[in-house]
Every structure is written in structure tokens, then in C-alpha cells.
Amino acid sequence: MPRESSKTRQQRAVEIDKRLQQHYPQASSALNWRNAFELLVATILSAQSTDEIVNRVIKDLFKKYPTAEELAVTDREELEQEIYSTGFYRRKAKNIQTMAQKLVDEFDGQVPENMEEMLALPGVARKTANVVLNEAVHSQTGNYEGIAVDTHVKRVAYRLGLTNQTDPKKVEPDLMELLPQESWRQAANALILLGRQYCTARKPNHEDCPLEGLCPKLQVP
DNA sequence: CTCCCGATAT
DNA sequence: ATATCAGGAG
């Protein structure tokens with residue numbers, strides 16, 4: 001691996017990180033959660049859905065089922081109906097209930113606070129685990145274990161030339177190497193906002209993009 | 001790789 | 001009509 005190109009990418013990553021912090025200083029999850037359990041459920045529901053729809057659904061959902069205990073034992077079809085509009089509702093309902101039951105059985109109904117136990121929960125992989133750990137557990141300490149790579153982070157990071165990978169599991173270590181650990185939470189949230197507002201999947205707005213000058217304007221893979 | 005799946009933008 | 005939306009499991 002040539003020294004020149006790696007250095008250039010690293011330096012651009014620093015500039016991008018700085019620009020993102022300037023433009024999105026308070027970037028955080030747009031999901032309306034009040035505790036780690038709510039964020040965990042909300043993030044499971046957010047698969048192939050939008051924050052707007054998920055927020056609409058969880059408002060009523062947590063009014064009916066505020067805790068893991070209540071969510072674990074409720075009627076499956078009733079839960080499916082409650083989360084229907086987020087899509088994948090059968091699989092999500094099953095995952096949420098088995099996950100909630102495991103929290104009750106093994107963690108006194110609480111969300112575990114480390115990566116290994118998070119990943120052992122049904123329906124939870126690195127993206128969801130990183131979101132919950134970074135936003136609800138480590139947000140004050142900055143002791144992040146990884147970067148939440150969702151569809152926006154994956155797309156924007158690729159277009160910015162921060163990775164040549166398209167698999168989110170391979171994008172994450174690339175970003176972890178390029179960005180300082182204390183930026184991992186903020187940077188991911190800022191990349192999501194940038195992805196929603198400017199670097200959209202279908203029609204990226206290069207003219208008004210706050211990262212103007214730092215982007216090679218790569219085409220979508 | 002396929003499947004799961006409704007809501008919305010283009 | 002089709003692509004895409006804070007993905008994960010088999």
C-alpha cells in the first residue's frame with residue numbers, strides 16, 4: 001500500500017470530521033427514545049424504514065408496553081399490528097419479543113452495556129448494537145466500541161472516498177481507522193444528516209453540500 | 001446470495 | 001413503476 005494515497009485519505013478524513021462538527025455540532029439520533037430499551041426497540045424497528053414512521057409507531061407502542069416485561073408477554077398479533085407500518089412487521093415483532101424475553105431472563109429486564117452481550121440478542125447486529133451503546137451508554141464517556149454504519153453512513157463514506165468497501169461490516173473498520181475515537185458517535189450522526197439532507201441516494205445536491213471541496217464526487221456503486 | 005415488507009420520493 | 005428508507009438472519 002503506497003504511503004501517499006493513504007496519507008491523503010487520512011488528511012481528508014480529518015478535514016471532513018472537522019467540517020461535519022462545524023456544520024452539525026449537536027448531531028444525534030432523530031429517534032424519540034427515553035431510555036436504552038426504547039432506543040433498542042426503536043432501532044430494530046428502523047430497519048428499512050424512516051425515523052418519522054418509527055417515531056410515530058413507538059409513541060403508541062411504549063404507551064401500551066413501557067418495559068421489556070410487558071413487551072415480552074403481549075399477544076404477537078397485537079404487537080404486529082402496532083408496528084405494521086414500519087415494514088418487516090412479522091420478523092420485527094418476533095425479534096422484539098424474543099429479545100425482550102432474553103432481557104427479562106438474563107439481564108433483569110435491562111439492556112446489556114457491552115458489545116458481546118448486545119450482539120447475542122436476537123435481531124441485533126453491529127449497527128443496532130453501536131447505536132444503542134454509543135447513544136445510550138457511552139455518550140458521556142466517549143468510550144465507543146465502534147461506529148454505527150447504516151445505509152446513509154455507508155453511502156456517504158463511499159462517495160467521500162473514505163472507503164472502497166460497500167459492505168457495512170467492512171466500512172466500519174475503515175472509518176474507525178480514519179476517525180479519532182471521540183468523533184465516532186458525532187461523525188456517524190452527522191454523516192446520516194448529511195446523507196438525508198444533501199448526499200441523498202437518488203439525487204445528491206453537490207451545489208449546496210457543506211462538504212464542498214472535500215468530496216471526490218464519486219458515483220453511487 | 002435471498003428473504004423479510006410497508007411507506008414514500010422520484 | 002421503481003428505488004430507497006438509521007438491517008439482520010438463514
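What you see is a predicted model, and the numbers here were worked out from it, not measured in a lab. No hydrogens, no waters, no symmetry mates; every other heavy atom, side chains included, goes into these values. Chain A is the first sequence line, chain B the second, and so forth, proteins listed ahead of strands; every chain is numbered from 1.
- Of the inter-residue distances, the one linking A/Leu20 atom CG with A/Leu211 atom CG reads 5.0 Å to the nearest 0.5 angstrom.
- Distance, A/Arg202 CZ to C/dA1 P: 15 Å, rounded to whole Å.
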Name the pairs: protein N/O against N/O of nucleotides 4-6 of chain B, kept only if under 3.5 Å.
from, atom 1, to, atom 2, distance (Å)
B/dC5, OP1, A/Arg90, N, 2.8
B/dC5, OP1, A/Arg91, N, 2.9
B/dC5, OP2, A/Arg90, NH1, 3.0
B/dC5, O4', A/Phe88, N, 3.0
B/dC5, O2, A/Phe88, N, 3.3
B/dG6, N2, A/Gln48, O, 3.4

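- Between A/Ile192 and A/Pro122, the residue anchored closer to the 5' end of DNA chain C is A/Ile192, taking for each the nucleotide with the nearest heavy atom.
- With P as the reference atom, B/dC4 and C/dA1 are 23 Å apart, rounded to whole Å.
- Between the P atom of B/dA7 and the CG atom of A/Leu45 lies a distance of 14 Å, rounded to the nearest Å.
- Between A/Arg56 and A/Glu52 there is a salt bridge, since a side-chain N of the basic residue sits under 4.0 Å from a carboxylate O of the acidic one.
- Under the ring-ring contact (aromatic ring centres under 6.0 Å, His included) criterion, A/Tyr89 pairs with A/Tyr84, sequence neighbours left out.
- One distance of note links CD1 of A/Ile83 with CG of A/Leu45; it measures 5.5 Å at 0.5 Å rounding.
- For the pair A/Arg12 and A/Leu214, the tightest heavy-atom approach, listed with the atom from each and the gap, is NH1-O, 2.9 Å.
- Rounded to whole Å, atom P of C/dG7 lies 16 Å from atom CE of A/Met99.
- Here the C1' atom of nucleotide B/dT8 and the CG atom of A/Asp51 are 14 Å apart, to the nearest Å.
- The CD1 atom of A/Ile44 sits 4.0 Å away from atom CE of A/Met99, with the distance rounded to the nearest 0.5 Å.
- Within residues 126-138 of chain A, the residues that have a heavy atom under 4.0 Å from DNA chain C are, in order of number, A/Lys127, A/Thr128, A/Val131.
- Screening residues 15-49 of chain A for ring-ring contact (aromatic ring centres under 6.0 Å, His included), with sequence neighbours left out, gives no hits.
- Annotation: side chain to side chain donor-acceptor pair (under 3.5 Å) contacts involving residues 129-138 of chain A, sequence neighbours excluded, comprise A/Asn130-A/Glu172, A/Glu135-A/Arg185, A/Glu135-A/Asn189.
- The NZ-P distance, from A/Lys154 to C/dG8, rounds to 12 Å in whole Å.
- The shortest non-hydrogen separation linking A/Glu145 to A/Glu113 is OE2-O, 4.5 Å.
- Here A/Glu78 contributes atom CD and A/Lys64 contributes atom NZ; the two are 5.0 Å apart, rounded to the nearest 0.5 Å.
- In this structure, the separation between CG on A/Leu191 and CD1 on A/Ile16 is 8.0 Å, given to the nearest 0.5 Å.
- With P as the reference atom, B/dC5 and C/dT2 are 22 Å apart, rounded to whole Å.
- Distance A/Glu172 CD to C/dG7 P: 14 Å, rounded to the nearest Å.
- With rounding to whole Å, A/Ile96 atom CD1 is found 14 Å from C/dG7 atom P.
- Along DNA chain C, the nucleotide nearest A/Asn95 and the nucleotide nearest A/Arg196 are compared for position; the residue whose nucleotide lies closer to the 5' end is A/Arg196.
- Within residues 54-79 of chain A, no residue places a heavy atom under 4.0 Å from DNA chain C.
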